[in-house]
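Values below: all heavy atoms of this structure, side chains included; hydrogens, waters and symmetry mates excluded. Counting convention: from 1, in listed order, for ligands and their atoms alike. Because the structure is a prediction, the values reported are computed rather than measured.
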Amino acid sequence: MNTDATPPDWHDRAAALRPETRAFIAGRYVDAQDGRTFDDIGPADGRRLAAVASCDTADVEAAVASARAAFDGGRWSQMPPASRKRVLLRFAELLLAHRDELALLETLDMGKPIADSLKIDVPSAARCIQWYAESIDKLYDEVAPTGPRSLATITREPVGVVGAIVPWNFPLVMAAWKIGPVLAAGNSLVLKPSEKSPLTAIRIAALAVEAGVPEGVFNVVPGLGHTAGKALASSMDVDCIAFTGSTETGKRVMQYAARSNLKRVGLECGGKSPNIVMADCPDLDKAATAAAFAIFFNQGEMCSAGSRLLVDQRIKDELLGRIAVVARKLAPGDPLDPSTRLGAIVDEAQLRRVLDYVDTGRAEGATLRLGGRRVREQSGGYYVEPTVFDDVAPGMRIAREEIFGPVLATLTFRDAEEAIRIANDVVYGLAAAVWTRDLKTAHRAARALRAGMVYVNCYDADDITVPFGGYKQSGFGRDKSLHAFDKYTELKTTWIDLG
Ligand code: NAD
């Protein structure tokens with residue numbers, strides 16, 4: 001961690017960085033067996049950051065075999081809970097001790113502002129591991145009320161080998177949401193980071209081993225989705241796939257599971273979350289600021305982004321005016337500049353996707369109120385202005401499809417019923433928010449909204465103690481909180497005859 005009084009020069013540090021780029025299998029870094037690599041491109045300037053090991057089936061199977069051997073060997077799966085707790089607490093401390101290095105890797109790899117990586121991503125990942133570590137020796141099993149002639153216990157056991165496939169928008173945090181409960185429950189893990197942002201996952205594997213996680217328990221297989229990801233989800237020896245990513249890929253993962261060994265699957269997928277502002281909104285400035293951050297934070301690359309602003313038509317102009325004031329202060333900048341609040345889009349393909357949706361919105365007849373352009377092009381990187389569309393109709397593609405960029409679609413309604421109807425009329429159901437001073441309206445809306453997370457008079461409230469996940473095509477199963485253990489444990493009933 002930087003302890004100097006002068007702030008670090010992140011560009012100097014970036015120039016000196018030599019990131020580890022190999023897979024981590026059976027406790028050591030190894031190249032892909034066929035020697036292949038893929039280019040990891042830095043979104044800030046479009047230059048190659050590193051050539052990273054491109055794992056394929058043979059590498060994934062080696063990692064799965066090492067995870068299986070470690071699981072069967074019992075050094076982790078049978079370790080007393082209090083000991084496992086100590087190891088994971090040390091792991092969390094090591095993440096914090098390497099905060100600057102991990103934050104730099106994260107920012108270089110996916111383009112988010114260094115200030116966010118330092119203050120949000122690395123501490124949240126560490127806090128997640130710490131929270132699950134602390135939970136390990138506080139969970140009890142059950143005895144069923146079967147009567148005096150028998151004893152029936154209901155115990156939780158680790159499911160075995162878990163494959164985790166994660167996306168690029170919060171590489172470290174999304175990985176931590178899997179690593180924490182997977183390892184706390186005693187499983188072995190094979191982690192496949194996104195090919196767009198593999199560097200922090202590769203780095204923390206060594207920190208896990210340094211903390212005392214036994215060799216083979218924590219493996220990392222960087223690689224492409226249709227090779228490494230498919231091999232992991234299709235493996236006959238993986239017991240569970242914990243997936244975070246797009247709905248389209250989530251459907252494929254389910255098919256691979258069905259065609260192989262019927263492994264269990266948990267899916268955290270996409271969203272098109274409605275942020276509903278009623279005419280009796282208690283604080284329009286607060287709502288405007290929250291609405292802006294709900295779509296522009298992390299360059300809009302957020303599964304739970306409030307990408308649909310549903311506003312009572314009577315206050316629309318007032319609210320949009322205030323959102324524009326906030327948005328204008330969020331001009332995209334150099335991700336390594338500590339004052340930058342909006343960084344670069346992850347890669348050229350995602351940039352194209354975002355700009356294509358801006359064109360689509362215009363062509364569909366929506367009014368572009370703000371932004372919509374690529375900026376800082378001379379840097380070689382991928383930057384898009386905060387963008388706001390007005391006059392969006394519920395049937396338009398920009399109102400129905402996940403853009404995954406800083407593009408807000410504004411729709412209007414006449415009453416609460418119409419708002420709820422529009423809000424629920426998409427295939428997704430991850431998050432939703434409602435702003436009102438009326439208690440009944442708030443409670444009714446919270447009940448009626450088909451979403452895994454509902455916010456009242458706030459957006460994106462967050463804590464490791466609460467479940468995170470969606471309804472409908474946003475997936476199933478939950479990350480975070482004690483409920484995450486449901487994905488990574490089997491329930492066993494044991495009958496003992498006392499008759
Ligand atoms: P993606 O689906 O393209 O990729 C996600 C992961 O799946 C990557 O590691 C990728 O390599 C892998 N993958 C791709 N094709 C695969 C295949 N055929 N088989 C197996 N694995 C494959 O998603 P992305 O672009 O990395 O991430 C953005 C998406 O993630 C958005 O839809 C976003 O909403 C979603 N997301 C959801 C949550 C949540 O908690 N619900 C959180 C973050 C992101």
Is the contact between K196 and ligand 1 made by the side chain, the backbone, both, or neither, using heavy atoms and a 4.0 Å cut-off? neither
Among all protein heavy atoms, pick out the one at the shortest distance from atom 27 (O) of ligand 1; state its residue, atom name and that distance to 0.1 Å. P167 CB, 3.3 Å
K112 and its side chain to side chain donor-acceptor pair (under 3.5 Å) partner, picked from N169, D121, T107: D121
Does the side chain of W435 come under 3.5 Å of the side chain of N275 through a donor N or O and an acceptor N or O? yes
Residues two or more places apart in sequence or in another chain: which of them pass side chain to side chain donor-acceptor pair (under 3.5 Å) with D34? none
Distance, nearest 0.5 Å, that separates OG of S474 from CD of E402: 8.0 Å
Location of contacts on F468 toward ligand 1, heavy atoms closer than 4.0 Å: side chain
For atom 42 (C) of ligand 1, what's the nearest protein heavy atom and its distance? C303 SG, 3.0 Å
Which atoms of ligand 1 are found less than 4.0 Å from any heavy atom of M174? 42 (C), 43 (C)
Should you measure from each heavy atom of V166, which atoms of ligand 1 turn up under 4.0 Å away? 6 (C), 8 (C), 9 (O)
Which protein heavy atom lies closest to atom 34 (O) of ligand 1, and at what distance to 0.1 Å? E402 OE2, 2.6 Å
Tell me if the centroids of the rings in F297 and F293 come within less than 6.0 Å of each other. no
What one should report as the nearest heavy-atom pair of L89 and E134 is CD2-CG, 4.1 Å
Closest protein heavy atom to atom 12 (C) of ligand 1, given as residue, atom name and distance to 0.1 Å: I165 CG2, 3.6 Å
Please check if atom CZ in R156 has more than 12 non-hydrogen atoms from other residues, nucleotides or ligands closer than 6.0 Å. yes
Using a 4.0 Å heavy-atom cut-off, say whether T247 meets ligand 1 through its side chain, its backbone, both or neither. neither
Do me a favour and list the nearest non-hydrogen protein atom to atom 25 (O) of ligand 1 with residue, atom name and distance? W168 NE1, 2.9 Å
For the aromatic rings, using the six-membered ring if either is Trp, is the centroid distance between F404 and W168 under 6.0 Å? yes
Location of contacts on L232 toward ligand 1, heavy atoms closer than 4.0 Å: neither
Heavy-atom proximity to atom 13 (N) of ligand 1, best of P198, G250, G225: G225
Under 4.0 Å from one or more heavy atoms of T249, ligand 1 contributes atoms 1 (P), 2 (O), 3 (O), 7 (O), 13 (N), 14 (C), 15 (N), 16 (C), 17 (C), 21 (N), 22 (C)
Please confirm whether Y256 comes within less than 3.5 Å of ligand 1 when only nitrogen or oxygen atoms on both sides are compared. yes
Element-labelled atoms of ligand 1 that are located less than 4.0 Å from some non-hydrogen atom of N169: 43 (C), 44 (C)
Residue K196 excluded, over 12 heavy atoms near NZ under 6.0 Å: yes
May I ask you to decide whether D359 forms a salt bridge with R362, counting only side-chain N to carboxylate O separations under 4.0 Å? yes
Non-hydrogen atoms of F170 versus ligand 1: any pair closer than 4.0 Å? no
Checking a contact table here: which protein heavy atom is nearest atom 10 (C) of ligand 1, and how many Å away? E195 OE1, 3.7 Å
Where on T244 is there a heavy atom closer than 4.0 Å to ligand 1, on the side chain, on the backbone, on both, or on neither? both
Structural part of C269 in contact with ligand 1, heavy atom criterion under 4.0 angstrom: backbone
Could you check whether K178 and T244, counting side-chain N and O atoms only, form a donor-acceptor pair closer than 3.5 Å? yes
Under 3.5 Å between any N/O of D479 and any N/O of ligand 1: does that happen in this structure? no
Could you list the atoms of ligand 1 found under 4.0 angstrom from a heavy atom of G229? 19 (N), 20 (C), 21 (N)
Using the ring of each side chain (for Trp, its six-membered ring), is F485 parallel, tilted or perpendicular to Y132, with breaks at 30° and 60°? perpendicular
Quick one: look up the protein heavy atom nearest atom 23 (O) of ligand 1 and list residue, atom name and how far away it is. S246 N, 3.4 Å
Count the heavy atoms belonging to other residues, nucleotides or ligands that lie under 6.0 Å from CD of E377, then report whether that count exceeds 12. no
Tell me which protein heavy atom sits closest to atom 33 (C) of ligand 1, plus the residue, atom name and distance to 0.1 Å. F404 CE1, 3.2 Å
Sidechain N-carboxylate O distance under 4.0 Å for R353, E401: no
